[in-house]
Amino acid sequence: GEHFISYILDIHTGSKRKIPFPIYDIHPSGKYAIAINYERYYFARDGYSYDYFGNKFWDEKIHPKDGVFKVDLKTGNYKLLISLKDIVQFEKNHLDENKYHYLEILKWSPDGSKFIFFHRWNDKNKNFKTRLFSYDIKSKKLFLFPLVDTISHFNWKNNNEFTVWASVPTLSTSIVRNINNNLLYKKLLRPFYQLIKTKFLKKQLSHKLPNTHFLNFHYNSEEYNILGSGQCFEDGHNTWTKNQRYMLVDTYQNEQGYRQ
């Protein structure tokens with residue numbers, strides 16, 4: 001076909017109903033879902049998108065009609081909830097708008113009041129960088145979590161906490177973010193910071209290795225704590241038991257065939 005669609009299947013009767021748009025994550029109420037545009041995702045993410053003929057209309061670095069969509073699962077109607085352009089512009093600082101930008105990994109909180117997602121952009125070799133956002137349905141506000149070198153799989157622990165495999169934010173992460181976002185800091189501190197970075201930290205920064213762990217973040221906060229230190233050494237898909245006592249993570253084999 002020419003477009004991606006979804007079907008709702010009744011497992012008891014076998015009947016099905018068509019939704020004229022793909023869905024990503026269903027709201028806990030079951031009434032609607034959030035989604036991305038897979039026709040554009042096709043051009044952005046090899047190996048994760050679905051194959052189709054490729055509508056060149058969507059093949060733009062920052063498409064004005066792309067973003068996060070809300071899909072009504074009763075009527076099939078869908079609308080743009082947050083535009084990709086607005087997300088790119090949010091605290092963009094030195095973000096390169098000439099790269100290919102896209103959204104993925106959308107996940108509702110357990111109570112459905114908010115969701116988190118990735119904003120990513122590719123270079124010419126399709127290596128990507130990532131920003132982690134939350135979006136509050138009631139206030140319609142975005143929140144950008146600390147920028148780090150590495151960020152991957154995440155899941156909600158409860159309505160106010162989620163766990164993500166990521167590099168540990170550093171003091172310099174917070175300092176640089178404040179300098180970039182505050183006009184006074186820009187005028188007074190950025191020249192000094194650039195001098196220090198260029199003259200004294202260049203070698204250390206070039207050899208910096210990501211310090212990655214499972215980080216447990218509080219919603220809309222830069223506060224976090226490290227989980228599984230000394231036990232979890234690899235990225236994995238994490239989930240929580242209902243009593244929030246245990247985090248479950250899939251494991252990987254090393255070169256000797258042992259679980260890590």
Review point. How far apart are the C-alpha atoms of Arg120 and His101, what are their side-chain angles, what is the distance that settles it, and do they pass the side-chain contact (heavy atoms from CB on, under 4.5 Å) test?
Key: CA-CA 6 Å; Arg120 283 176 162 163; His101 293 258; over 6 Å; no

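- Taking 4.5 Å as the limit, some side-chain heavy atom of Phe118 sits within range of a side-chain heavy atom of Phe154.
- Considering NZ of Lys74 and CZ of Arg17, their distance stands at 9.5 Å, rounded to 0.5 Å.
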Point to revise | Candidate pair Thr241 and Tyr246, rule side-chain contact (heavy atoms from CB on, under 4.5 Å), full reasoning | key: CA-CA 6 Å; Thr241 56; Tyr246 299 103; 3.9 Å; yes

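- Between Tyr32 and Tyr78, the gap from one ring centroid to the other reaches at least 6.0 Å.
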**Study point:** Candidate pair Lys61 and Glu97, rule salt bridge (charged side-chain N to carboxylate O under 4.0 Å, His left out), full reasoning
**Key:** CA-CA 8 Å; Lys61 293 177 180 177; Glu97 295 185 47; over 6 Å; no

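- Here the CD-CD1 distance, from Glu104 to Ile36, works out to 7.0 Å after rounding to the nearest 0.5 Å.
- Taking the ring axis of Trp240 as reference, the NZ or CZ atom of Lys157 stays within 45° of it and closer than 6.0 Å to the ring centre.
- The two atoms that bring Glu222 and Pro146 nearest to each other are CG-CG, 3.7 Å, heavy atoms only.
- The shortest non-hydrogen separation linking Pro169 to Tyr224 is O-OH, 3.5 Å.
- Between Phe21 and Phe69, the distance from one ring center to the other falls under 6.0 angstrom.
- Put simply, the side chain of Asp96 does not reach to within 4.5 Å of the side chain of Lys129, judged on heavy atoms.
- Residues Gln89 and Leu95 are not in side-chain contact: their nearest non-hydrogen atoms beyond the backbone lie 4.5 Å or more apart.
- The distance between the ring centers of Trp165 and His153 does not fall below 6.0 angstrom.
- Residues Phe117 and Ile87 are in side-chain contact: their nearest non-hydrogen atoms beyond the backbone lie under 4.5 Å apart.
- More than 12 non-hydrogen atoms from other residues, nucleotides or ligands lie less than 6.0 angstrom from CZ of Phe57.
- The shortest non-hydrogen separation linking Ala35 to Val71 is CB-CG2, 4.0 Å.
- By the criterion of side-chain heavy atoms lying less than 4.5 angstrom apart, applied directly or through intervening Ile, Leu, Val, Met, Phe, Trp or Tyr residues, Val249 is not grouped with Trp156; the two fall into different hydrophobic clusters.
- Linking ILVMFWY residues whenever their side-chain heavy atoms come closer than 4.5 Å, directly or via other members, places Trp121 and Phe128 in the same cluster.
- Using a 4.5 Å cut-off on side-chain heavy atoms (C-beta onward), Tyr42 and Tyr50 make no contact.
- Remark: Lys18 is not positioned above the aromatic ring of Tyr7, lacking an NZ or CZ atom under 6.0 angstrom from the ring centre and at most 45 degrees off the axis.
- Taken together through direct or relayed side-chain contacts under 4.5 Å among Ile, Leu, Val, Met, Phe, Trp and Tyr, Ile19 and Tyr24 form parts of separate hydrophobic clusters.
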Practice item. Apply the test side-chain contact (heavy atoms from CB on, under 4.5 Å) to residues Leu84 and Tyr102: give CA-CA distance (whole Å), side-chain angles for both, the deciding distance (0.1 Å), then the verdict. Key: CA-CA 7 Å; Leu84 173 63; Tyr102 59 98; 5.7 Å; no

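- Taking the side chain as every heavy atom from C-beta outward, Thr239 and Met247 never approach each other to under 4.5 Å.
- Residues Asn122 and Phe43 form no side-chain contact, since every pair of their non-hydrogen atoms from C-beta on lies 4.5 Å or further apart.
- The heavy-atom pair separating His3 from Glu39 by the smallest distance is ND1-OE2, 2.8 Å.
- Cation-pi geometry between Lys114 and Tyr219 is met: under 6.0 angstrom from the ring centre, within 45 degrees of the axis.
- Both Phe217 and Leu144 sit in one connected hydrophobic cluster of ILVMFWY residues. Membership requires side-chain heavy atoms under 4.5 Å apart, directly or through other members.
- Taking every heavy atom of both residues into account, Leu73 and Ile8 meet most closely at O-CD1, 3.7 Å.
- No side-chain donor-acceptor contact under 3.5 Å links Tyr38 to the backbone of Pro22.
- Tyr100 is listed as a side-chain neighbour of Asp59, based on a closest heavy-atom distance under 4.5 Å.
- Interatomic distance, CG of Leu248 versus NE2 of His237, reported as 13.5 Å (0.5 Å rounding).
- The closest donor-acceptor contact from the side chain of Arg131 to the backbone of Val148 lies at 3.5 Å or more, if one exists at all.
- Looking only at distances, a side-chain donor or acceptor of Ser167 sits under 3.5 Å from a matching main-chain atom of Thr150.
- Put simply, CG on Leu215 and OG on Ser229 are 10.5 Å apart, with the number rounded to the nearest 0.5 Å.
- Rounded to the nearest 0.5 angstrom, Ile105 CD1 and Asn155 CG are separated by 11.5 Å.
- Distance check, rounded to the nearest 0.5 Å: NZ of Lys107 to CG of Asp25 gives 5.0 Å.
- Screening Ile82, Val68, Ile34 for a side chain to side chain contact (heavy atoms under 4.5 Å, CB included) with Tyr135, the sole residue that qualifies is Ile82.
- Side-chain contact annotation: Asn220 with Ser134, donor-acceptor N/O pair under 3.5 Å present.
- In terms of modelled atom types and a separation under 3.5 Å, the side chain of Asn55 and the main chain of Trp58 share no donor-acceptor contact.
- Counting heavy-atom neighbours within 6.0 Å of Ile26 CD1, excluding the residue itself, gives a total of 12 or less.
- In this structure, Ser139 and Asp136 approach most closely via the heavy-atom pair N-OD1, 2.9 Å.
- For the side-chain hydrogen bond (donor to acceptor under 3.5 Å, both in side chains) test with Glu161, the passing option among Asn158, Thr163, Asn159 is Asn158; the others fail.
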Practice item. Show the numbers, then the answer: is there a side-chain contact (heavy atoms from CB on, under 4.5 Å) between Ile226 and Val168? Key: CA-CA 8 Å; Ile226 296 175; Val168 174; 4.0 Å; yes

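- Tyr41 and Phe4 fall within the same hydrophobic cluster, defined by Ile, Leu, Val, Met, Phe, Trp and Tyr side-chain heavy atoms under 4.5 Å apart, directly or through other members.
- Checked against the 6.0 Å centroid threshold, Phe90 and Phe133 count as a close aromatic pair.
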